[in-house]
Structure formats: C-alpha cells, structure tokens
Student: 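Before I ask anything, let me first share the structure, which is written out below as structure tokens.
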Amino acid sequence: MKKFTFVCLAILSTISIGCQHKVSENPNDALAELNKEYEMQKKQNGEDSSLLNFVDKYQILSKQFEDSGNLHKVIECEKMIVEIYTQTLKEPQSKIAFRKMLIGDNYAKLQENDSAETYLLQSIETSIKLKESETDHDSIDIDVHGRLISLCYRILSSVSSNKGEIEKAVEYLEDAIQYQPIEMVDDKHTYAVYLASLASLYEEQSRYAEAEKFYENSLKIFEKVFPDSILWINDLRESLSEIRNLAH
C-alpha cells in the first residue's frame, strides 16, 4: 500500500534586528568565542535585555551549521537562544516555543527520539497556553500557535512511526489535525496532506473504513482547492481504490 511522506511545514520565524556578528571561517571557533563573549556579558550586566543582542549572532551560526549538516551544533546554538529568551523575557513566549520546536525537529532528524519528544512536548505546552490566552480571534491570519502545535504533533507522529509505535503515531497525527488551521490556502494544503497521512496509518492498522473516509476527505480538498496537483490527486485516487477493495 502507498505510504504518504509527511510534509514538513515552514513556520515563519521572528526576524531579528540588530548588529551582525562577524564570524570566523571556522564556525566551531566562532561559537566558542561567542559563548565566551556571552558569558562575559552576563557576568557584567546580569540577565538583562542586553543579552538579546546575542540572538542574531547565534542565529547566524545556527544557519551556518545547518548548511554544513552539523545538526548537533545547530541544536547547541538554538539552546543558547532559548536560554537568552527565557532569561530575558521571563514568561511564555511564542519565540521560545518556536525555538524548542526547531530543537525537537533537529533531534528527530538525528533520531535522538527521547530528546526530540521532550522539546516538542515543551513547545506544545507553551503554545497551548499562549493559544488559550489569545483575546483577538477575529484576525484573518489567525492561528500561529495552532500551526506550531500542529507541526510539533506531526513531527512527534513521524518519530513514533519510525520507532514502529503506530498507535502513538496515530494519536499524535490526530492531534495535529485537530490543531491545524484551515483559513489560509497553505493551511488547507497541509490539512489535506495530514488527512492522507492519517489514512495511511489507519491502513497500516487495518482500519480500512476510517482510512477510506480520510482518503476521500483529502481527495475532495485537492480536487476542489488544488486541481493542478495531479500527482497528489492520482495517488489519492489509486489509494482510495485499493482501500475500497479491502474495506468491502
């Protein structure tokens, strides 16, 4: 049976402003130097807002390490950013939740599953608190927190699936669908992909009637909203035909 590949979403990060940090040719040396500079600043001024100036610098290094495929160093940089935000902001923030999602995602890519789950669940916890505290529900581009929660659950589902924990993977993906907004066009695409992915997991569990329903719902969205997505539509029709043979 067909297996749908989970699609990772791009979440808009906060664009930091401030001075740019000139790094050396060796990112490892630059990171060591930056850590020393950060500790010195913290010792001199304490945990005040001046530490936020280091966020840009760690982000630049994080991107360098990401480009070179050194995910452990990416995680190290992102953890420093989380530390800075936690020390200076003193309350739950979407910036912190986003960074913890990045850390969890990179741990997942490294197949360090326990660490991935820890950070992803922390990101979800913070995002749910922020979502519940929202007062403006009338904005068009509403649910930033919902998108982040949904993405974290999707990554957790993928981690569980790779570990062969299909029941857990199903539960996480059901949660991802619950929180995934559908207001924007890109949201609808993500939602449709998640429905197809969940149908595939149901199929693995021999829950054919449920798989058929979710394949159908995904196909309807693609046919109506994304009629040019021929490969998706053909794959869904083929999977739907196969599952109907099993279900009836």
Student: Given the rule that I, L, V, M, F, W and Y join up when any side-chain heavy atoms are under 4.5 Å apart, are L231 and L236 in one cluster?
Tutor: no
Student: Determine whether the side chains of Y215 and E203 contain a donor N or O and an acceptor N or O closer than 3.5 Å.
Tutor: yes
Student: Do side-chain atoms of S160 reach the backbone of L156 as a donor and acceptor pair under 3.5 angstrom?
Tutor: yes
Student: Quick one about E33 and Y38 (side-chain donor to acceptor, distance below 3.5 Å, no hydrogens or angles considered), yes or no?
Tutor: no
Student: For S127, enumerate each residue passing the side chain to side chain contact (heavy atoms under 4.5 Å, CB included) test, keeping only those at least two apart in sequence or located in another chain.
Tutor: A97, S123, L148, I149
Student: Any salt bridge between E39 and K42, counting N to O under 4.0 Å?
Tutor: yes
Student: Name the orientation class of the two ring planes belonging to F226 and H189 (parallel below 30°, tilted from 30 to 60°, perpendicular beyond 60°).
Tutor: perpendicular
Student: Mind running salt bridge (Lys or Arg N to Asp or Glu O under 4.0 Å) on E242 and R237 for me, showing each step along the way?
Tutor: CA-CA 9 Å; E242 291 177 357; R237 285 173 177 169; over 6 Å; no
Student: Mind checking what makes salt bridge (Lys or Arg N to Asp or Glu O under 4.0 Å) contact with E171, not counting sequence neighbours?
Tutor: none
Student: Taking the side chain as every heavy atom from C-beta outward, state whether R154 and Y194 have any pair of such atoms under 4.5 Å apart.
Tutor: yes
Student: Could you check whether R99 and Q59, counting side-chain N and O atoms only, form a donor-acceptor pair closer than 3.5 Å?
Tutor: yes
Student: State, without any angle test, whether Q180 and T190 hold a side-chain donor-acceptor pair at a distance under 3.5 Å.
Tutor: no
Student: With a 4.5 Å limit on heavy-atom distance, are the side chains of N70 and V74 in contact?
Tutor: no
Student: Just jot down the salt bridge (Lys or Arg N to Asp or Glu O under 4.0 Å) partners of E112, sequence neighbours excluded, or say none.
Tutor: none
Student: Starting at CG of L201, measure out to CD of E210 and round the result to the nearest 0.5 Å.
Tutor: 11.5 Å
Student: Any donor and acceptor pair, going by atom type alone, linking the side chain of T126 with main-chain N or O of Q122 inside 3.5 Å?
Tutor: yes
Student: Can you tell if the side chain of Y179 reaches within under 4.5 Å of the side chain of K131, non-hydrogen atoms only?
Tutor: yes
Student: Mark yes or no: K95 above the aromatic ring of F98, with NZ or CZ under 6.0 Å from the six-membered ring centre and no more than 45 degrees from the axis.
Tutor: no
Student: Can you name the residues that form a side-chain hydrogen bond (donor to acceptor under 3.5 Å, both in side chains) with K79, not counting sequence neighbours?
Tutor: Y107
Student: Look at E216 together with R244 and state whether they make a salt bridge at an N to O cut-off of under 4.0 Å.
Tutor: yes
Student: So Y119 and L102, do their side chains get closer than 4.5 Å, heavy atoms only?
Tutor: no
Student: Do L51 and Q87 come close enough that some side-chain heavy atom pair is under 4.5 Å?
Tutor: yes
Student: Just how far is it from atom NZ of K188 to atom CD1 of I182, taken to the nearest 0.5 Å?
Tutor: 6.0 Å
Student: Answer yes if V193 and V185 sit in the same cluster of Ile, Leu, Val, Met, Phe, Trp and Tyr residues linked by side chain heavy atoms under 4.5 Å apart, and no otherwise.
Tutor: yes
Student: I want to check something: taking the side chain as every heavy atom from C-beta on, are V144 and S94 in contact at a cut-off of under 4.5 Å?
Tutor: no
Student: Would you say the side-chain atoms of S50 and D48 include a donor-acceptor pair closer than 3.5 Å?
Tutor: yes
Student: Is there a donor-acceptor pair under 3.5 Å between the side chain of D105 and the backbone N or O of M101?
Tutor: no
Student: Run the salt-bridge test on E183 and R147 with the 4.0 Å N-O cut-off and return the result as yes or no.
Tutor: no
Student: Quick one, L61 and K57 - any side-chain contact, counting heavy atoms below 4.5 Å?
Tutor: no
Student: Answer yes or no: is there an ion pair linking E76 with K73, defined by an N-O contact shorter than 4.0 Å?
Tutor: yes
Student: Hey, quick one: are I230 and L219 part of the same hydrophobic cluster, counting side-chain heavy atoms closer than 4.5 Å, chains of contacts allowed?
Tutor: no
Student: Residues two or more places apart in sequence or in another chain: which of them pass side-chain hydrogen bond (donor to acceptor under 3.5 Å, both in side chains) with S218?
Tutor: none
Student: Provide the full list of ring pair (Phe, Tyr, Trp, His ring centres under 6.0 Å) pairs with a residue in residues 55-74, sequence neighbours left out, each pair given once.
Tutor: none
